[in-house]
Structure formats: C-alpha cells, structure tokens
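As structure tokens, the structure follows; a few thoughts come after it.
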Amino acid sequence: MREIVGLFAILPFITWLLTHKRYKDIAAPYNLFTFLYIINIMLPILTYINIDSASTIRESYIRKAISSDSIFCEYVVLQTICYYLVIFGTKLRIGKSSGNFEEYNTYSEENVARVNIRGQEKYKYIGIVIWAIGFVAFIKIMNQVGGIYYFFTHLQFRTSLTRDIDFWSWLLPFVDYGVLFIIYSYKGTEKRLNIKIILLIIISGLMSGLGGRKALLILFIEALLLYHYTIKKIDIKRFFKMRYILGVIALYLFFVLMSKFRTEGAAEAFLQNPLAFTKDSSEGIFETIQSESYVSFFMTIIDYFKTHALWLGRSFIGLITAIIPSSLYPGKPPVDDGTYLYSICQGRTNIIPPMSFDNLDGSSYPLETFGSMYANFGLVGLFVGMIVLGGIYGYAYRKMKNNSYSLFNVVIYTQIIFTFQLSTLRIFQLFELIIVLGIITYLCSDRFSFGGRKL
C-alpha cells in the first residue's frame with residue numbers, strides 16, 4: 001500500500017510533461033513551481049517509500065511519523081492535491097494584473113536602443129554604495145555574535161545567536177541588493193556575468209544568509225533571472241558545457257558541506273583535514289535529497305495534530321509583534337513560527353502559540369504553507385491556503401510582465417516563487433523585502449528628485 005500511494009507523487013510531474021509546452025517562459029510559475037515540487041517534494045517522497053530510509057533521522061518523533069504507513073499515505077495524497085490547487089490558484093486573476101502565462105516577452109533587442117546607457121551606469125555606483133551598507137551591517141552583526149570565526153564554527157546555534165539583531169538584520173540584505181543593482185547596470189550592454197560578479201554573488205549570499213545555503217542559491221537565481229529578462233536571454237543548452245557542469249558539482253558540494261557545518265565539532269574537523277571532511281560529508285544522493293527537504297516535517301505536523309488541538313491562527317500573532325525590538329519586549333512570540341515545530345520534533349507535547357522564544361527549544365524547522373495552514377486551520381485551511389499561495393505566484397508573475405521586467409518586480413517575483421509561503425516568517429520576510437527594496441528602487445528611479453534634481 002505504501003509503495004502504491006507513494007507513486008501518486010509522480011502525477012504532477014506527468015501532468016507537467018503533457019502540458020508544459022504551452023508555457024514558453026521557463027520561469028513561468030507553472031514551470032518553476034513544478035521544478036521545486038520535483039526537487040523538494042516528489043523525490044523525497046519516493047525515497048521515503050522505503051521505511052528504512054527514516055533510520056538516519058535523529059529525532060525519534062519525526063522518525064515515528066515517517067515510519068507510519070497511514071501518516072505517509074495521507075500526506076502523499078494531501079500534498080498531491082495541494083500541487084494542483086496551487087496551479088489552479090496561479091490562473092486566478094488578482095487585482096488589476098492581466099496577461100496570459102503563454103505570452104513570453106523578455107528584454108528584446110528592439111528595446112536596447114531605448115536604454116540610456118549612461119543612465120544605467122548610475123545603478124553600478126548606487127549598487128556599490130548599497131553593498132557597502134550591507135557589509136557594514138554584516139560586520140556589526142558578527143561583532144554582536146562573537147566574531148566571524150566563532151559564528152561560522154557554531155552554525156548549529158545560528159537561530160539563537162542572531163535573535164537580537166533587529167536593526168542590522170534590516171540592513172544586511174543590502175549586500176544582495178547591491179549585487180543586483182550592479183547587474184542591472186548591464187542593461188543594454190549584453191555584458192556577461194564574469195568571474196568577479198560570480199565571486200561577489202557567492203560572498204554576498206553567504207553574508208546575507210549568515211551561513212545559510214538558501215540565501216546564496218536564491219541570490220544566484222535572482223541574478224540569472226534579472227540577466228535573462230533585462231539583458232540577454234539565457235540559452236539553457238549552454239548549461240551542458242563542462243564549466244557549468246563543474247559549477248553545479250561545486251554547488252552541490254557546498255550545500256553538503258554547509259549542512260555538515262551545522263553539527264557540533266564540524267569546523268574543527270574541517271580545519272584538521274579538509275579532504276577527509278569533504279569525503280565523509282558527501283553522503284549518498286538520496287540522503288542529501290532527504291536532508292534538504294521539508295517533507296519529514298510536514299508528516300510530523302499531520303501526526304502531531306492527530307492528538308492535539310489546532311492552533312486556530314495563534315501562531316500568526318508573531319506577525320503583530322514582529323516589529324517590536326526584542327530589547328523592548330524580551331518575551332515576545334517568535335516571528336519564526338518554525339520554532340514551534342522544532343520544539344514539537346524534540347518530543348514536546350505542550351506547544352500552543354503564542355510562546356516566547358525562551359520557552360521553546362532554541363532552533364527552527366520551517367512550517368511553510370503546508371505546515372502552517374494545517375496546524376492552524378486543518379484541511380480546510382490547507383486547501384484554501386494553497387489556492388491563495390498560487391494566486392500570489394500568478395499575480396507576482398503578471399505584475400512583473402506588465403511592468404516591463406523592472407528590477408523591483410523581477411526580484412519580488414523570484415523571492416515569492418522560491419521562498420514565499422503562508423507562514424509568519426515568510427510573510428514577514430516578504431514584507432521587509434518589499435518595503436526596503438521598494439524605497440531603494442524608488443529613490444534611484446527617474447521619478448524621484450531631490451531639490452529639483454534627479455539622482
């Protein structure tokens with residue numbers, strides 16, 4: 001039974017194979033969301049068909065949920081339904097956005113002549129200034145958490161170490177914005193993303209993510225899509241060249257190593273023998289897929305709420321108090337609702353939001369839309385939440401097209417499709433991004449003038 005139901009997870013992929021040709025833009029919501037589904041959901045589910053694959057999971061509570069045939073089968077069915085609900089949501093028209101996904105217009109050669117090259121040059125200098133502000137914020141944060149060496153050798157405590165960096169956390173993403181402004185300055189020139197820019201992306205992604213891997217990956221994707229939409233269309237066939245294949249292998253090793261660095265004593269082991277550490281860290285591909293997926297957490301949520309009352313929206317109280325500095329309200333609920341899930345996975349049964357961070361177990365596992373909606377509102381909330389999520393994806397995509405692939409809209413769409421979920425953490429992160437990036441791009445646009453003079 002487990003094997004048969006597990007194969008249901010392949011249905012969305014089969015559907016995409018039969019229908020994807022209607023969506024010419026490789027970055028359309030249907031294509032990108034399906035890609036994320038395959039990597040983050042379908043492949044992990046297929047590996048968990050074998051119950052023995054759960055034996056490597058440290059937390060016994062998660063291991064129990066995955067090993068339960070009934071929980072596994074229920075999750076697979078629900079997740080498959082959720083995929084189709086998200087796709088349905090992308091087709092809904094929200095607000096005044098219009099246009100069809102089948103329409104595909106990147107930055108064309110006809111528009112190159114309209115670009116003021118000298119005007120674009122200002123984005124490079126603005127980007128350098130913005131990046132410098134983010135770098136200062138990074139240094140300030142490192143001073144607060146004990147220094148760069150201490151922080152990156154204690155990544156397993158990253159959540160607790162960075163919980164009181166309220167002000168500087170708003171400025172830290174400036175390193176990402178600076179990189180994107182510099183790339184955007186290439187508009188109308190057809191310049192390539194050279195090795196200097198790539199190194200800047202890597203350094204900036206590591207800084208903005210405070211050692212996290214996802215921030216670096218998202219920055220890479222943002223840079224590629226910005227280049228693709230505003231400078232020169234990227235030919236997917238180019239990625240089959242040897243240098244790109246080696247780059248993918250290097251990125252894979254980076255993700256594996258950063259995951260290992262979150263375990264105690266990993267930094268010392270790496271410094272003593274880097275080659276041995278890399279070899280030991282290179283787990284099998286299936287173990288890597290499982291470790292990077294949130295599927296196990298979603299099954300744990302289903303299992304937990306079989307015997308516990310729903311939260312009925314209480315976890316979202318963290319959004320209301322999020323803007324209050326921790327120094328003024330030490331006992332405020334965490335904006336990262338994944339801290340509740342982490343405590344549940346440690347075997348605690350008394351988790352009822354809102355709770356202060358000090359009353360939880362000090363780390364976080366992402367709830368995302370599936371976990372947050374199910375934990376708060378059950379099946380009805382889960383299904384409605386997925387439709388709403390798809391609607392937001394579709395709206396952001398159409399907004400980007402209707403605004404001629406502006407810097408602001410390309411970044412917002414990329415962030416939404418790859419990181420946004422209906423959980424308190426993701427909602428607050430998007431709110432921060434829209435406010436900060438919106439102000440920066442407005443001040444740099446031709447619509448803003450200071451003392452009668454445009455910047």
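None of the values given here were measured: they were computed from a predicted structure. For reference, positions follow the sequence shown, starting with 1.
More than 12 heavy atoms of other residues, nucleotides or ligands lie within 6.0 Å of CZ in Phe305, so this atom counts as buried by the packing criterion. Enclosure of atom CG in Leu312 by more than 12 non-hydrogen atoms of other residues, nucleotides or ligands within 6.0 angstrom is indicated. Within a 6.0 Å radius of CD1 in Ile352, no more than 12 heavy atoms belonging to other residues, nucleotides or ligands are found. Within 6.0 Å of OH on Tyr84 lie more than 12 heavy atoms contributed by other residues, nucleotides or ligands.
Annotation: the span from His20 atom NE2 to Phe35 atom CZ amounts to 14.5 Å, rounded to 0.5 Å. To the nearest 0.5 Å, the span separating CG on Leu341 from CG on Leu367 amounts to 5.0 Å. From Ile183, atom CD1 reaches atom OH of Tyr123 across 14.5 Å, with rounding to the nearest 0.5 Å. Expressed to the nearest 0.5 Å, how far CD1 of Ile14 lies from CG of Leu18 amounts to 7.5 Å.
Every side-chain hydrogen bond (donor to acceptor under 3.5 Å, both in side chains) that Thr424 has, sequence neighbours left out, goes to Asp337. Trp311 pairs by the side-chain hydrogen bond (donor to acceptor under 3.5 Å, both in side chains) definition with nothing, not counting sequence neighbours. Not counting sequence neighbours, the partners of Asn409 by the side-chain hydrogen bond (donor to acceptor under 3.5 Å, both in side chains) test are Ser406.
No side-chain heavy atom of Val384 sits less than 4.5 Å from a side-chain heavy atom of Leu85. The shortest distance between side-chain heavy atoms of Phe33 and Thr90 does not fall below 4.5 Å. By the 4.5 Å heavy-atom criterion applied to side chains, Ile301 and Phe370 are not counted as neighbours. Put simply, the side chain of Tyr405 reaches to within 4.5 Å of the side chain of Met400, judged on heavy atoms. Counting heavy atoms from C-beta outward, Val86 and Tyr393 have side chains that approach closer than 4.5 Å. Under the 4.5 Å side-chain criterion, counting only non-hydrogen atoms from C-beta, Ile427 is not in contact with Phe431. At least one side-chain heavy atom of Ile182 sits under 4.5 Å from a side-chain heavy atom of Leu200. Residues Leu389 and Gln421 have side chains in contact (heavy-atom distance under 4.5 Å, counting atoms from C-beta outward).
With hydrogens and angles ignored, the 3.5 Å screen pairs no side-chain donor or acceptor of Lys332 with any backbone N or O of Gly318. In this structure a side-chain-to-backbone donor-acceptor pair under 3.5 Å is missing from Ser208 to Val175. Without hydrogens or angle criteria, Thr419 side chain to Ile416 main chain gives no donor-acceptor distance under 3.5 Å. Side-chain atoms of Arg398 never come within 3.5 Å of backbone atoms of Ala396 as a donor-acceptor pair (strictly under, hydrogens ignored).
Residues in residues 31-45 take part in these side-chain hydrogen bond (donor to acceptor under 3.5 Å, both in side chains) pairs, two or more places apart or across chains: Trp16-Asn31, Thr34-Tyr83. Listed by first and then second residue, the salt bridge (charged side-chain N to carboxylate O under 4.0 Å, His left out) pairs that reach into residues 407-427 are Glu368-Arg426, sequence neighbours excluded.
Neither side chain, Asn402 nor Tyr397, offers a donor N or O lying under 3.5 Å from an acceptor on the other. Thr19 and Tyr30 form a side-chain donor-acceptor contact under 3.5 Å, judged by distance and modelled atom types alone. Side-chain contact, Thr339 with Tyr365: no donor N or O sits under 3.5 Å from an acceptor N or O.
Aromatic ring orientation, Phe298 versus Tyr75: tilted (interplanar angle from 30° to 60°).
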Going by atom type alone, with no hydrogens or angles, which donor-acceptor pairs under 3.5 Å involve a side-chain atom of residues 125-137 and a protein atom two or more places apart or on another chain?
residue: Trp131; atom: NE1; partner: Ser204; partner atom: OG; Å: 2.7

